[in-house]
*Asks:* 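Take this structure first; my questions come after.
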Amino acid sequence: METSDPLSALGAKDIAKRAAGARDLSLVGTTAHLELLATVAGTDPSPGVRLTAAAAAADILSRHRLGSARSALDADARSDIGAWFRRIDPAHNPGVFSVFACLDSPAGMTAIVGGLRDPRGDVRLGAGVGLMRLCCSAARIGDEDLES
């Protein structure tokens, strides 16, 4: 880990410390950290920290996609998490699409498809990354709707 306390690092004045805090949460964060990461992903003044916070949230969610870990987040919890990240303008942080991919919910797929249709190139690129992350998941093997 890069920091002794990732949560306090997220509140540091130094951009590098905030980014390190988000990277640490990517490794050891839990679903309890997702709301904070959504706030950082939407409001941090640094684009790099915003992207890192979204990536950390996606990594946390990716650990809750299969097997017994999936049951830690029911449909209502996934809906709440999606709502936190849908408040973020994808032009401000296209990393939200990786979060939507790892939500493993119909609303996440809808958000990605909407991003693929957005006229802004950076938003479409972010949505493409999210789609790639969604398609690469073992949780989606044999998903005929996704394949069509």
Side-chain angles (χ1 to χ4, degrees), residues 1-3 6-7 9-12 15-141 143 145-147:
M1 296 228 323
E2 297 178 61
T3 66
L7 296 177
L10 282 177
I15 292 171
K17 286 183 183 175
R18 293 195 314 271
R23 284 191 299 274
D24 284 349
L25 287 177
S26 176
L27 298 172
V28 300
T30 67
T31 57
H33 299 115
L34 291 170
E35 189 168 13
L36 173 62
L37 287 168
T39 300
V40 173
T43 63
D44 196 275
S46 165
V49 174
R50 290 193 307 265
L51 285 168
T52 304
D59 288 344
I60 291 167
L61 286 168
S62 72
R63 295 192 289 269
H64 294 86
R65 293 181 85 173
L66 293 170
S68 61
R70 180 167 177 73
S71 63
L73 291 173
D74 63 15
D76 290 338
R78 290 176 191 276
S79 177
D80 291 344
I81 295 163
W84 300 334
F85 284 90
R86 276 193 303 280
R87 291 182 194 128
I88 300 169
D89 179 353
H92 189 62
N93 188 347
V96 298
F97 292 108
S98 288
V99 174
F100 297 145
C102 294
L103 269 176
D104 228 16
S105 70
M109 180 64 175
T110 300
I112 291 170
V113 170
L116 291 170
R117 294 182 179 133
D118 195 284
R120 299 167 289 188
D122 54 342
V123 173
R124 286 193 314 272
L125 180 60
V129 170
L131 181 61
M132 181 183 68
R133 189 160 186 169
L134 177 68
C135 292
C136 291
S137 170
R140 302 304 281 224
I141 292 174
D143 184 337
D145 291 334
L146 183 61
E147 292 176 9

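Since we're looking at a predicted model, the values are computed, not measured. These values consider heavy atoms only, across backbone and side chains, with no hydrogens, waters or symmetry-generated copies.
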*Asks:* Taking all non-hydrogen atoms of both residues, which atom of L73 and which atom of R78 are closest, and how far apart?
*Replies:*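 Heavy-atom minimum between the residues: O-NE, 3.1 Å.
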*Asks:* Would you check if the side chain of S79 reaches a backbone N or O of A75 as a donor-acceptor pair within less than 3.5 Å?
*Replies:*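 No; zero donor-acceptor contacts below 3.5 Å.
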*Asks:* Taking all non-hydrogen atoms of both residues, which atom of F100 and which atom of I112 are closest, and how far apart?
*Replies:*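 Shortest heavy-atom separation between F100 and I112 comes out as CB-CG1, 4.0 Å.
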*Asks:* Could you tell me which non-hydrogen atom of A54 sits nearest to which non-hydrogen atom of N93, and how far apart they are?
*Replies:*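 Shortest heavy-atom contact: CB-ND2, 3.8 Å.
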*Asks:* Quick check for you: to the nearest 0.5 Å, what is the distance between H64 atom NE2 and R70 atom CZ?
*Replies:*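 Answer rounded to 0.5 Å: 11.0 Å.
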*Asks:* Between SG of C102 and CZ of F85, what distance do you get to the nearest 0.5 Å?
*Replies:*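 Answer rounded to 0.5 Å: 10.5 Å.
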*Asks:* Salt bridge between R18 and D44, side-chain N to carboxylate O under 4.0 Å?
*Replies:*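 Salt bridge between R18 and D44, a charged N being under 4.0 Å from a carboxylate O: yes.
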*Asks:* Is the side chain of R124 donor-acceptor paired with the backbone N or O of G115 at a distance under 3.5 Å, no angle test?
*Replies:*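 Pair absent, no side-chain N/O of R124 close to backbone of G115.
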*Asks:* Under 3.5 Å, is there a donor-acceptor pair between the side chain of R63 and the main chain of G29?
*Replies:*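 Flag set: sc R63 to bb G29 pair under 3.5 Å.
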*Asks:* Working to the nearest 0.5 Å, report the span between CE of M109 and CG of L103.
*Replies:*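 With rounding to 0.5 Å, CE (M109) is 13.0 Å from CG (L103).
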*Asks:* Measuring from atom CG of L37 to atom CH2 of W84, what distance do you get when rounded to the nearest 0.5 angstrom?
*Replies:*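 Spacing of CG (L37) from CH2 (W84) equals 10.0 Å.
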*Asks:* Apply side-chain contact (heavy atoms from CB on, under 4.5 Å) to the pair K17 and T3, showing each step before the final yes or no.
*Replies:* CA-CA 8 Å; K17 286 183 183 175; T3 66; 5.8 Å; no
*Asks:* Under 4.0 Å between a side-chain nitrogen and a carboxylate oxygen: does that hold for D89 and R120?
*Replies:*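 Answer for the salt bridge query: yes.
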*Asks:* Kindly indicate, with the supporting measurements, whether the criterion side-chain contact (heavy atoms from CB on, under 4.5 Å) is fulfilled by L61 and R65.
*Replies:* CA-CA 7 Å; L61 286 168; R65 293 181 85 173; 5.8 Å; no
*Asks:* So, does S26 use its side chain to make a donor-acceptor pair with the main chain of A22 at under 3.5 Å?
*Replies:*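 No; zero donor-acceptor contacts below 3.5 Å.
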*Asks:* Closest approach of A9 and G21, non-hydrogen atoms and distance?
*Replies:*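 Looks like CB-CA, 3.8 Å.
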*Asks:* Within the structure provided, determine whether L125 and P94 are in side-chain contact (heavy-atom separation under 4.5 Å).
*Replies:*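 Side chain of L125 against side chain of P94, heavy atoms only: no contact under 4.5 Å found.
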*Asks:* Run L116 and V123 through side-chain contact (heavy atoms from CB on, under 4.5 Å) and show every step you take.
*Replies:* CA-CA 7 Å; L116 291 170; V123 173; over 6 Å; no
*Asks:* Do I81 and E35 make a side-chain contact, defined as non-hydrogen atoms from C-beta onward lying under 4.5 Å apart?
*Replies:*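 Of all side-chain heavy-atom pairs linking E35 with I81, none is under 4.5 Å.
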*Asks:* What I want to find out is whether D59 reaches R133 closely enough, with some N-O distance under 4.0 Å, to be called a salt bridge.
*Replies:*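 Salt bridge between D59 and R133, a charged N being under 4.0 Å from a carboxylate O: yes.
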*Asks:* Where do A91 and D122 come nearest, in terms of heavy atoms and distance?
*Replies:*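 In this case the closest contact between A91 and D122 is O-OD2, 3.9 Å.
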*Asks:* Within the side chain of D24, is there an N or O that forms a donor-acceptor pair under 3.5 Å with the backbone of E2?
*Replies:*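 Yes, D24 side chain to E2 backbone: donor-acceptor pair under 3.5 Å.
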*Asks:* Within the side chain of H92, is there an N or O that forms a donor-acceptor pair under 3.5 Å with the backbone of G42?
*Replies:*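 Pair found, side chain donor or acceptor close to backbone of G42.
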*Asks:* Please report the closest heavy-atom contact between A53 and V40, naming both atoms and the distance.
*Replies:*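 Shortest heavy-atom contact: CB-CG1, 3.7 Å.
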*Asks:* Output the distance between atom CG (L134) and atom CG (D104), rounded to the nearest 0.5 Å.
*Replies:*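 The CG atom of L134 sits 7.0 Å away from the CG atom of D104.
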*Asks:* Just verifying a value: how many Å separate I60 CD1 and T31 OG1, rounded to the nearest 0.5 Å?
*Replies:*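 Reported to 0.5 Å precision, the distance equals 8.0 Å.
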*Asks:* Determine, stepwise, if the pair V96 / R86 fulfils side-chain contact (heavy atoms from CB on, under 4.5 Å).
*Replies:* CA-CA 8 Å; V96 298; R86 276 193 303 280; over 6 Å; no
